[in-house]
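Taking it in order: structure first as structure tokens, then the write-up.
What you see is a predicted model, and the numbers here were worked out from it, not measured in a lab. Computation of the quantities below employed the complete heavy-atom set of this structure, encompassing side-chain atoms and omitting hydrogens, waters and symmetry-equivalent molecules.
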Amino acid sequence: QVQLVESGGGLVQAGGSLKLSCAASGPTFSDYGMGWFRQAPGKEREFVASIWRYGRTYYADSVKGRFTISRDNARNTLYLQMGSLKPDDTAVYYCAAVRGFIATNTSEYNYWGQGTQVTVSS
């Protein structure tokens, strides 16, 4: 069982930066593929980025070059550094975990955090 708690959301102006964190419980964090997803009002939850234990990463086209996903296995923490933020990035951001592989689909993830709100003003 993995429990995930996101933090770092807030209000930022367009063009600004924000760093999200996701603290994971459990002794085997490095065994899990980790991902960030987001959900805007009235829209489906969508993939943002994912990372495997040794750093292999995937990104949605909409965030490539602006967002960076990383993890610290010693601290059981996942990060999402977001830059050049746009109003379209406004959403609730969720971290998620799946044991044993890296994934990009919401249906493949077993564990989810409660989410943190990111609002980008124009």
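The two residues M34 and A97 have their closest heavy-atom pair at SD-CB, 3.5 Å. Taking both residues in full, the closest heavy atoms of G9 and T116 are given as N-OG1, 3.2 Å, listed atom of the first, atom of the second, then distance. Heavy atoms only, all atoms of each residue included: Y111 and V2 are closest at CD2-O, 3.5 Å. Between A40 and A91, the shortest heavy-atom distance links the atoms N-CB, 3.8 Å. The minimum heavy-atom distance between V48 and V63, with the atom names listed, is O-CG2, 3.5 Å. The shortest heavy-atom contact between A24 and L4 is CB-CD2, 3.6 Å.
Annotation: the span from Q1 atom CD to N110 atom CG amounts to 9.5 Å, rounded to 0.5 Å. Note: C95 SG to E6 CD = 4.0 Å, rounded to the nearest 0.5 Å. Note: S70 OG to L80 CG = 8.0 Å, rounded to the nearest 0.5 Å. Rounding to the nearest 0.5 Å places CD1 of I51 at 10.5 Å from CZ of R56.
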Could you give me the CA-CA distance, side-chain angles and deciding distance for V12 and T119, then say whether side chain to side chain contact (heavy atoms under 4.5 Å, CB included) is met?
CA-CA 6 Å; V12 62; T119 303; over 6 Å; no
Tell me, with the steps shown, if V118 and T90 meet side chain to side chain contact (heavy atoms under 4.5 Å, CB included).
CA-CA 5 Å; V118 172; T90 295; 5.9 Å; no
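Of the possible polar contacts, none joining the S30 side chain to the T28 backbone as a donor-acceptor pair under 3.5 Å is found. Distance alone, capped at 3.5 Å, is enough to place a donor-acceptor pair between the R71 side chain and the F29 backbone. A donor-acceptor pair under 3.5 Å links the side-chain atoms of D72 to the main chain of R75, judged by distance alone.
Cluster annotation: Y79 is not connected to L18 through the hydrophobic network of ILVMFWY side chains, with a link wherever side-chain heavy atoms come within less than 4.5 Å.
Side-chain contact between D89 and R66 is present, with heavy atoms from C-beta onward closer than 4.5 Å. Taking 4.5 Å as the limit, some side-chain heavy atom of M82 sits within range of a side-chain heavy atom of L20. The shortest distance between side-chain heavy atoms of L85 and F67 falls below 4.5 Å.
As a member of the Ile/Leu/Val/Met/Phe/Trp/Tyr network built from side-chain separations under 4.5 Å, W112 groups with F37, F47, W52, Y58, V92, Y94, V98, F101, I102, Y109.
With a 6.0 Å radius and a threshold of 12 heavy atoms from other residues, nucleotides or ligands, Q117 has its CD atom above the threshold.
Annotation: side-chain hydrogen bond (donor to acceptor under 3.5 Å, both in side chains) contacts involving residues 41-50, sequence neighbours excluded, comprise R38-E46, Q39-R45. Sorted by first and then second residue, the side-chain hydrogen bond (donor to acceptor under 3.5 Å, both in side chains) pairs with a member in residues 8-19 form an empty list; sequence neighbours excluded.
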